[in-house]
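Predicted model only: the values in this text are computed from it and were never measured. Labels below follow one simple rule: chain letters A, B, ... track the order of the sequence lines, proteins then strands, and each chain is numbered from 1.
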Number of protein chains: 2
Amino acid sequence: MSGLSIGQVADRTGLSVHTLRFYERQGLLTQPVRRGSAGHRVYSEDDVDWLGVCIRLRASGMPLTDIRRYTDLVRAGQGNEVERLEVLREHRERVLAQMHELDECLQLITHKVAVYEGRLGLRDNVTDCALP
Amino acid sequence: MSGLSIGQVADRTGLSVHTLRFYERQGLLTQPVRRGSAGHRVYSEDDVDWLGVCIRLRASGMPLTDIRRYTDLVRAGQGNEVERLEVLREHRERVLAQMHELDECLQLITHKVAVYEGRLGLRDNVTDCALP
DNA sequence: GTTTGACCTAGAGTCGGCTCTAGATTCTAC
DNA sequence: GTAGAATCTAGAGCCGACTCTAGGTCAAAC
């Protein structure tokens, strides 16, 4: 219930106060952030929760413009669930593709690591082959 | 054996000719690219293979400066395997961390997708809860 | 009553990673 | 031999996502 200052939200989310203001300007919040006495931002728990979602989406590579589009849909309220679903499904596909790519990279690295360990005698039975 | 033009390498790797020249300037190639008669670049199969490695490393989020550092080690030749190993292991940790993050994001998205599908009646038995 | 620290706005600056331009040269096909 | 495509260099430009600065307000602690 409380109402949190921008500094408190920064502490909780790990975003800087700069970034919090920046995200607000970019329209990443579902409601305009409430203001207290002196025009200071007062964040609700819901705001913080939503920021958590944004952080996850960013961490998974969604560009700010897309997060904004999604936020716009949520802000608009009920009636656009189909569009929201579309955004989410599309992003899920991208995330899956990204995981797949990471996995391929991981195999490459793991292989190289094994080969170097073999070379250095840190490990036996490694079939050494073309490098690098 | 052949020797490939920059255009051919662009086709094969999916990088643009601009990017290929840029990567070269950034020192991402283990050998200076051979030049033909008129000063045109002539890439070897090894160059293309190495570019493939760079592409993988980039795709997994390694910054150009780190790829460059690693390339420098490879270019320097034998004797620095320990350092190469260190670079690779560090990157592997980052990749694993990134996969973990992606997985968490995937769970969030999948959950939201399920809830919206439930709301839209596309699916039954979904325990609807706090959204967005 | 003044100093300290958190906050405000508007706007400028930075950084990574490309991407493009200009102006010149060279190769390829007719 | 000439038009059109591909290449070259050097350097400028762009975009996304922050990050910081300047100049100011305000509350609380000393």
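Residues Leu64(B) and Phe22(B) have side chains in contact (heavy-atom distance under 4.5 Å, counting atoms from C-beta outward).
When hydrophobic clusters are built by joining Ile, Leu, Val, Met, Phe, Trp and Tyr residues whose side-chain heavy atoms come closer than 4.5 Å, directly or via intermediates, Val33(B) is grouped together with Val48(B).
The OH atom of Tyr23(B) sits 9 Å away from the P atom of dT19(C) (whole-angstrom rounding). The CD atom of Gln8(A) sits 18 Å away from the P atom of dG5(C) (whole-angstrom rounding). In this structure, Ile67(B) places its CD1 atom 12 Å from C1' of dG16(C), rounding to the nearest Å. Between Leu57(B) atom CG and dG17(C) atom P the separation is 13 Å, expressed in whole Å. With rounding to whole Å, Glu24(A) atom CD is found 8 Å from dC8(C) atom P. Atom pair Leu51(B):CG and dC18(C):C1' shows a separation of 15 Å (rounding to whole Å applied). Between the P atom of dG16(C) and the CZ atom of Phe22(B) lies a distance of 10 Å, rounded to the nearest Å.
When the options Val87(B), Asn80(B), Val82(B) are evaluated for a side-chain contact (heavy atoms from CB on, under 4.5 Å) with Arg84(B), the one that passes is Asn80(B).
Side-chain contact of His111(A) with Gln107(A): a donor-acceptor pair under 3.5 Å is absent, judged by distance alone.
Closest non-hydrogen pair, Val17(B) versus Ala10(B), comes out as CG1-CB, 3.9 Å. The heavy-atom pair separating Val42(A) from Asp47(A) by the smallest distance is O-OD2, 4.3 Å. For the pair His91(A) and Gly61(A), the tightest heavy-atom approach, listed with the atom from each and the gap, is CE1-C, 4.3 Å.
Arg75(A) places a side-chain N or O within 3.5 Å of a backbone atom of Gly27(A) that can act as its donor or acceptor partner.
Within the 4.0 Å cut-off from OP1 or OP2 of dC18(C), at least one side-chain nitrogen or oxygen of Arg58(B) is found.
In this structure, CD1 in Ile109(A) is found 12.5 Å from OH in Tyr116(A), a value given to the nearest 0.5 Å. How far CZ of Arg41(B) is from CZ of Arg34(B): 13.5 Å, rounded to the nearest 0.5 Å.
Salt bridge present: Asp66(A) and Arg69(A) bring a charged side-chain N and a carboxylate O closer than 4.0 Å.
Heavy-atom nearest nucleotides on DNA chain C were determined for Thr65(B) and for Val17(A), and the one closer to the 5' end corresponds to Val17(A).
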Practice problem: For each nucleotide in nucleotides 21-30 of chain C, reading 5' to 3', give B when a protein heavy atom comes within less than 4.0 Å of its base, S when such contact involves only the sugar-phosphate, and - otherwise. | Solution: B----SS---

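Nucleic acid contact for Arg25(B): base, since at least one base atom lies under 4.0 Å from a heavy atom of the residue.
Rotation axes derived from the C1' atoms of the five outermost pairs at either end of the helix from dG1(C)-dC30(D) to dC30(C)-dG1(D) lie 0° apart, to the nearest 10°.
Between chain B and DNA chain D, the heavy-atom contact criterion of under 4.0 Å yields a 5' to 3' nucleotide range of dT7(D) to dG11(D).
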